[in-house]
Amino acid sequence: MKMIKKPSKSKSSHSGSGGGSSSRSNEKQPDGPPVELENQFILRLPDTEAATALRKAIESGASNLKERLFIQLEPDKASNNQYLRKGRVQFDGWNFTSRLMDIPTIIESHKTIDNQTLYKTADICQIMVC
């Protein structure tokens, strides 16, 4: 399998009489709603019916998953900081309290369209434990 990395979003420097304008200013902005960027993390549920049902919904490609799965993060009131580290996860009728934690290493996530070429989609560095 070939592996292709997404291009980095670094600014390119142009030498010439452009006054420092980049080529991005000439690009046409897309019409319509804004594109939803991917944010990825690992979700760990207890080994219950909810975990099994969520796994089956993801594997079957359920189109209504956004309506069935709800994740809410809020600041930790005990530690008096503004980081969103505690929250709740709701899937169908099941409710879980959760904690968002950093994992000690970065995991690369990839997608494929043709089962030959892999495209990097994200660097995962957090896990949500319910």
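Just so you know, residue 1 is the first one in the sequence shown, and it goes up from there.
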*Is the shortest heavy-atom distance from the side chain of Q126 to the side chain of D102 under 4.5 Å?*
yes
*asked:* My understanding is that only residues two or more places apart in sequence, or in another chain, count here; which of them pass salt bridge (Lys or Arg N to Asp or Glu O under 4.0 Å) with D123?
replied: K120
*How long is the span from the OG atom in S60 to the CZ atom in R55, to the nearest 0.5 Å?*
13.0 Å
_pair L100-L84: side-chain heavy atoms closer than 4.5 Å_ = no
*So, do V129 and S98 sit near enough that their side-chain heavy atoms are less than 4.5 Å apart?*
no
*Please check if F70 and F41 belong to a single hydrophobic cluster, counting links between Ile, Leu, Val, Met, Phe, Trp and Tyr side chain heavy atoms closer than 4.5 Å.*
no
*Heavy-atom closest pair, residues I103 and I107*: CD1-CD1, 3.8 Å
_So which atom in T121 and which in H110 form the shortest heavy-atom distance, rounded to 0.1 Å?_
OG1-N, 4.0 Å
*Are any non-hydrogen side-chain atoms of V89 and L69 less than 4.5 angstrom apart?*
yes
*Side-chain contact, heavy-atom cut-off 4.5 Å: L45 with F96?*
yes
*How many angstroms lie between CD in Q90 and CD1 in I71, if you round to the nearest 0.5 Å?*
11.0 Å
_Qualifying residues under salt bridge (Lys or Arg N to Asp or Glu O under 4.0 Å), relative to R68, sequence neighbours excluded_ = D92
*Can you sort out the partners of R99 under side-chain contact (heavy atoms from CB on, under 4.5 Å), two or more places apart, ordered by chain and number?*
K86, M101
*State plainly whether one hydrophobic cluster holds both M128 and W94, where clusters connect Ile, Leu, Val, Met, Phe, Trp and Tyr through side-chain heavy atoms under 4.5 angstrom apart.*
yes
_A side-chain contact here means heavy atoms from C-beta on lying under 4.5 Å apart; do L65 and F91 qualify?_
yes
*asked:* If you count heavy atoms of other groups shown closer than 6.0 angstrom to CD of E74, is the number above 12?
replied: yes
